[in-house]
Amino acid sequence: MGYYEFDIKVAGESLDALLNLMSGAGCLGAIEKNGGVIAYFSDTRGINEIKGSLALFKTILRDSGLDGSLSFGYVFLSERDWNETWKKKFKPVEAGRSFYIIPPWEKGKEGRISLIIDPGMAFGTGHHETTRTCLALIERFSGSTAKNRFLDVGTGTGILAIAASKLGYKHVTAVDIDPLAVDAARRNAELNGTGNIEIIEGGISSAQGSYDFIAANLMSEILIKIAPEAPQRLDLSGAALLSGMLSGQEYGVIEAMEKEGLRFDEKFEDGRWVSVVVRH
Ligand code: SAH
């Protein structure tokens, strides 16, 4: 197996939107660099599929009223080169008040909860702002919600589910439609020694029962799509954290959730990114 490293250039105003789109396109990790984006894909995706996604992004950017000019170059990395690349680029990063995200080859930090993430296979290394925001908010809400059942929709590397487990949620369910993400999440759960995370390949409908806390760090289009399923999965006293929206996109998501009978509770802004909490 090998990987592709894409060096993508976009207009400054489209950068956040591009990073947001990358996560939905089977991108394993994306880093903002020199006003552009360095993004990694597994070669199992096929180069034409990846190029097809990038072409589609141009249209989506333009449809959102942003500058759609986008150019890119790419290189193929063997498994070994890939590991070396990530070792150089994936440095530990702090999130929230207590988390410390580290790759398997780094040591933890005194007084912080380590989240060991092998960045090899899926999105969610903590180098993206929305992942860190979600971690900080999950930490904050864990003090005030029941900690029985936690659901992570679109788990990627499993990072949010692993954090929930380490914060003391008794039963954690993580779902992702991408089989590569499911493999990565299972491996990362094992690396962290968390024995209470059930990882399912599928969407929100593959989870059963209701949850005290739901975290969904997805694009706004996907959040809108899952809205009809959200009330059923959310406990009557629970809270759902919806993240991964660009400023302005939250209104459509709130409207979709309200249509299903949920109510908007709180909004958190982090630069151009927005997260909202909805409840019954
Ligand atoms: N939770 C991680 C990863 C977010 S990336 C973090 O916060 O960093 C978004 C993930 O959602 C990707 O792994 C993608 O495969 C998955 N995904 C996209 N659409 C989905 C859907 N409808 N249901 C479940 N997962 C989905």
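Atoms within a ligand are numbered from 1 in the order they appear, just like the ligands themselves. Model, not experiment: these values are computed from the prediction.
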Select the closest option to atom 19 (N) of ligand 1 among Ile177, Ile159, Leu135, judged by heavy-atom distance. Ile177
For ligand 1, is there an N or O atom under 3.5 Å from any N or O atom of Leu218? no
Looking at Tyr74, Tyr40, Phe57, which hits ring-ring contact (aromatic ring centres under 6.0 Å, His included) with Phe6? Tyr74
Which atom names give the shortest non-hydrogen contact between Ala230 and Leu262, and what distance separates them? CB-CD1, 3.9 Å
Using every non-hydrogen atom in the two residues, find where Glu139 and Arg97 come nearest and quote the distance to one decimal. OE1-N, 2.7 Å
Would you mind running through ligand 1 and noting each atom that sits below 4.0 Å from a heavy atom of Thr131? 6 (C), 7 (O), 8 (O)
Close N or O approach (Asp178, ligand 1; < 3.5 Å): no
Go through it in stages, so that I can follow the logic: the residues are Asp178 and Arg45, the test is salt bridge (charged side-chain N to carboxylate O under 4.0 Å, His left out), and I'd like the CA-CA distance, side-chain angles, deciding distance and then a yes or no. CA-CA 12 Å; Asp178 181 351; Arg45 298 258 164 204; 2.8 Å; yes
Output, in order, the C-alpha distance, side-chain angles, deciding distance and verdict of salt bridge (charged side-chain N to carboxylate O under 4.0 Å, His left out) for Lys91 and Glu106. CA-CA 8 Å; Lys91 300 288 179 217; Glu106 294 275 358; 5.3 Å; no
Heavy-atom nearest pair, Met245 first then Glu250, reads SD-CA, 3.6 Å
Give the numbers and elements of all ligand 1 atoms closer than 4.0 Å to a heavy atom of Asn217. 4 (C), 6 (C), 7 (O), 8 (O), 9 (C)
Considering only heavy atoms, does Asp176 approach ligand 1 within less than 4.0 Å through its side chain, its backbone, both, or neither? both
Return yes or no for this condition: an N or O of Thr157 is under 3.5 Å from an N or O of ligand 1. no
